[in-house]
Each structure stands twice: as C-alpha cells, then as structure tokens.
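Just below is one structure, and these are the notes that go with it.
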Number of protein chains: 2
Amino acid sequence: MPPKIKSPEEREKLRLLILDSARTLFVERGIEAVSMREIAKQINYSATTLYHYFADKDALLQALCDADFLALANGLREIMKIPDLLARIHALFNGYAQFAFQHPNHYRLMFMTPRTPCNLETTQIQQGNTEQDAYAQLKLVVFEAFDAGLFKPEFNDFELIAQTLWASIHGVCSLEITLGHETWIQWPSLEMRLNTMQNAILQGLLR
Amino acid sequence: MPPKIKSPEEREKLRLLILDSARTLFVERGIEAVSMREIAKQINYSATTLYHYFADKDALLQALCDADFLALANGLREIMKIPDLLARIHALFNGYAQFAFQHPNHYRLMFMTPRTPCNLETTQIQQGNTEQDAYAQLKLVVFEAFDAGLFKPEFNDFELIAQTLWASIHGVCSLEITLGHETWIQWPSLEMRLNTMQNAILQGLLR
DNA sequence: TTTATAAATTAACAATGTTAACTTAACGAC
DNA sequence: GTCGTTAAGTTAACATTGTTAATTTATAAA
C-alpha cells in the first residue's frame, strides 16, 4: 500500500534507511551477507523498491563507500588541528589505523576491493576538498612538512612522499585484515607492528 | 559414459585439469567469472564432477591459492642465491612486486581476500619450509642481516622487521591493484613508488 | 468523478552453489 | 562368462542470488 507522493525529504530518508540497513548487514555478517533481498527485508520493503533508489547493487555499495570516506575524513579532521607537525603526522597514522580496525568491513570495501573506478559524476565526495577527502588531508600535512624542509633532499616529490606514507600504513592494516588470523605467522602485537612501521618509515624519510 | 577406475595418476591429472580451467577463467575474467559450471564446461565435464575432487568452491579456490604460493616461492628461490645481502633484499622486494603485477588476480586471492584461516591439515604447503614458503625466505634473509648487525639497534626483533618490510611492499602493491586506476589520485609511476618505498623503509631500518 | 502518475508490490528470468538420485561401465569373485 | 559392487559420471532439482516486466494501489490534479 503506497501512501503516495513522497516529499524530497521523505525520499532522502528512505534512501538513508536503505543505506543503513545495508551497512548493518555488512558490518555484522560481512560483505557476502549483503543481498538486495536481505537489505530490503530488514526494513520491510520488497527488493525491487531498492532499485528505485539505486541503479544496482554496485551503485548501492558505491554510495555506502562514499559515506564511509566521509566518515574517515571527519574522524581525521580533529587530528588536523594538532599544532605540532610531527605529532600531527603520528596522530594521522594512528587515526587511520584505528578506523581500519574499528570498521574492517568498511575498510575492505574502501581500500581492498577493486571496483569500477569512482565515477566522478556519481560520487558525492569532492575529491581534493580537505573537508571530505582523507587523502587530501594527508597531502596537506606532508606538503607542510615538505615546505619546512623536514624530508631528506632525495625525497623531492611531496605527492610521492604522501603516497609512500599511505602505502606503509595501508600495508600493515590490510595484512592484518586478510592474514591476521593465520596461525602459521607469528604476529607480534598489532600495536608493535604499527609503531615499528611508523618509526621505520619516518626515520627513512625525515632528515 | 564413465570409463571406469582411474589410476591415482589419472585422478591427479583431472584434478590439475580442473585447477587449470579455474585458473584460466580467473586470470582472464577476474574472480567473479569463476563459477563451478563455467569451470566444468570449459573442460567438458558437468559441474557435479568437480565436487568429487573438491569439497566446495572454497576448497577449490584454496587449492588454487596453495599452488600460487608455491609459484611465488619458486620465483623467489633464484633470487635467494644472490650472494650480496643487500642486493638480495632489494631483489626480493622487486621479485615480489613483479609477481603481484604479473598475476594481480592471484595476488588478490592470496593477500587481499580474507578467507577461512589456512587449514594446516588441508593445505599442501609446508609453512616455514624455505623451499615452499615465501615468507620463510624473507625471514631467512632478514635474520641474516639482523645477525650481521645491519639494522639499527632499536629494531631488535627480526620477525617484526621482516613483517614491516613485507607490509611496506604489500602496501604499494595492493594500493596499486585496488586504486591504481582512480584518476582523482595523481599517481607517479609504479616504478617510482616502489623505489621510493624501498629506499625509505630500508634507510629507516638499516644502520 | 475521472484520470494520470508516483510508489510500491508480485511474478518471473537466468545464473549461482550444492545435493540427491540415477546411470553406466569396469573390475573381482565365483 | 555371469553377477553383484562400486567408481565415475550425469541429469534433475533446490534454494538463493541480482534484476526486470507487469501490475496494483492510492493519492493529487482535472
């Protein structure tokens, strides 16, 4: 029974409800549990209704992803206020890792699952906007440090430095997520691994 | 028409045929193309036959994965013969990366896809055996360098060092595989990214 | 009151992983 | 040689998936 004509606000509300339902399933039971029918059942709609709000499953996942990128950027925004430059870099490192381990399923979807390249028309995120884009935040900090001459002179491309820093944390996080439960590897504590990476890579890059 | 009683060799042959068929589909069309029916059709068997050789799809994938771990270890074995220690470490770095980009789908399955922890009873690979286990090879080299006192004294756990090195390359490789085609990131060349990581992390760790 | 349309639903399609039931042919025992 | 037994396969079926077409329902406008 369709109570007709939804105001734009109501439409948006249902859109968010769908995303929330998907997120719940996703977080609780992993990506393989996210079926269109299950998402719909959880909010008492039929599966077809979802297709009036998202073109297909990929589009829905992409939208989820967008929201998560925003969440990450928001989480890091506080950190960006730390005055001391090096302290800020360390805090960014840790903040990023914390996000990864608090939301491993989101992290997987965002950074470990190849998907059709982000459609710049479709996505809500303004890439490069420091408010919304975590990578832009990282670049900002790195540029500041670069400008202050903190890096060894051989590292002379600040974008390359930023990506190296990113890859180093991402390496630790994603190995933990995929292989962290393998018993044939003697993992030291996650904290030690993160600290070691942090110290090693920064000592390598900084003067 | 079942020509009866297969010798153990013949059974093994079909097992390998199935794995090969799966691998082909996998490499050509990505992981989502690997359906039991397709694998079977390609070698003119019915899908059910596959279940006489593998418990389920996961087991088949796991077996594929095992074979790929062996392939990686084999590829690195030549490198392990390089006499100079540092040259060997650099070559390991590059050999690993080369494997990742020559077989991105395999790499994804091996290191970027969470799966049920490797069943030590089921798997063919002898973990810790340098002949078969790439991680064991890395540990060996790192231990040698550790023993020779090449690392800064603050890095005093050679397993932790090995994992840090691993995570650093893996970070570059897996970011490339998942996000390498995103246009909103200005990627320098892959080679530069790999070299930068290599230089930075080794400078950080080495005396 | 009629009509057009937004919002939702039911029914159906083809593809998937997987299992049960059945067929066929070769081997060992007599 | 004939007769079970059993390995090696197949076909048929089930439940679940993403997705689309056809249909219903209730409201807003005429």
Side-chain angles (χ1 to χ4, degrees), chain A residues 1-26 28-65 109 113-116 122, chain B residues 1-19 21-26 28-65 105 109 113-116 122:
Chain A
M1 26 348 225
K4 155 111 154 220
I5 276 279
K6 277 187 143 81
S7 66
E9 298 87 42
E10 284 172 318
R11 268 194 73 85
E12 181 61 15
K13 208 167 149 191
L14 179 47
R15 211 189 93 98
L16 291 179
L17 188 63
I18 294 171
L19 280 174
D20 258 4
S21 174
R23 199 191 316 276
T24 309
L25 277 173
F26 191 51
E28 277 179 1
R29 315 214 286 257
I31 196 169
E32 68 282 351
V34 184
S35 89
M36 298 299 264
R37 283 175 167 84
E38 286 235 57
I39 297 169
K41 194 194 313 187
Q42 233 183 12
I43 52 175
N44 292 317
Y45 279 90
S46 75
T48 18
T49 298
L50 308 201
Y51 288 87
H52 296 151
Y53 290 80
F54 300 94
D56 53 22
K57 195 182 178 181
D58 259 10
L60 202 163
L61 270 284
Q62 161 92 263
L64 248 196
C65 214
L109 181 61
T113 309
R115 54 185 184 297
T116 47
T122 312
Chain B
M1 31 334 236
K4 157 109 156 220
I5 275 281
K6 275 187 144 81
S7 67
E9 298 86 41
E10 284 172 318
R11 266 195 74 84
E12 181 61 13
K13 208 167 150 192
L14 179 47
R15 212 189 93 97
L16 291 179
L17 188 62
I18 293 170
L19 280 174
S21 174
R23 200 191 314 277
T24 309
L25 277 173
F26 190 51
E28 277 179 1
R29 305 200 231 139
I31 197 169
E32 68 283 350
V34 184
S35 89
M36 299 299 265
R37 282 173 167 86
E38 286 235 57
I39 296 169
K41 195 194 315 188
Q42 236 184 10
I43 52 177
N44 292 316
Y45 280 90
S46 75
T48 11
T49 298
L50 308 202
Y51 287 87
H52 296 152
Y53 290 81
F54 300 95
D56 54 21
K57 193 182 179 180
D58 260 9
L60 202 163
L61 270 283
Q62 162 93 264
L64 249 196
C65 215
N105 283 322
L109 181 61
T113 309
R115 54 186 184 295
T116 47
T122 312

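Quick caveat: nothing in here was measured; it's all calculated off a predicted structure.
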Exercise. Counting just side-chain N and O atoms, does A:Tyr45 come under 4.0 Å of either OP1 or OP2 of C:dT9?
Worked result: no
Exercise. Atom CG of A:Leu60 and atom P of D:dT17: how far apart are they, to the nearest Å?
Worked result: 15 Å
For this session: Mind calculating the distance between OH (A:Tyr53) and P (C:dT9) to the nearest angstrom?
Result: 10 Å
For this session: Specify the separation, in whole Å, of atom CG of B:Leu50 and atom C1' of D:dT10.
Result: 13 Å
For this session: With sequence neighbours excluded, tell me which residues meet salt bridge (Lys or Arg N to Asp or Glu O under 4.0 Å) with A:Asp56.
Result: none
For this session: Check the distance between D:dG18's P and A:Phe54's CZ and give it to me in whole angstrom.
Result: 15 Å
Exercise. What string of B, S and - do you get for nucleotides 14-22 of chain C, 5' to 3', if B is base contact, S is sugar-phosphate-only contact and - is no contact with any protein heavy atom under 4.0 Å?
Worked result: --BBBBB--
Problem set entry | Set of salt bridge (Lys or Arg N to Asp or Glu O under 4.0 Å) partners for B:Arg29, sequence neighbours left out | B:Glu38
Problem set entry | Partner set under side chain to side chain donor-acceptor pair (under 3.5 Å) for A:Glu9, not counting sequence neighbours | A:Ser7
Exercise. A:Thr24: what forms a side chain to side chain donor-acceptor pair (under 3.5 Å) with it, not counting sequence neighbours?
Worked result: none
Exercise. Of all residues at least two apart in sequence or in a different chain, which pass the side chain to side chain donor-acceptor pair (under 3.5 Å) check with B:Thr48?
Worked result: B:Ser46
Exercise. How long is the gap from CZ on B:Phe54 to CG on B:Leu64, to the nearest 0.5 Å?
Worked result: 8.0 Å
Problem set entry | Atom pair distance, as rounded to whole Å: CD1 in A:Ile31 and P in D:dG18 | 11 Å
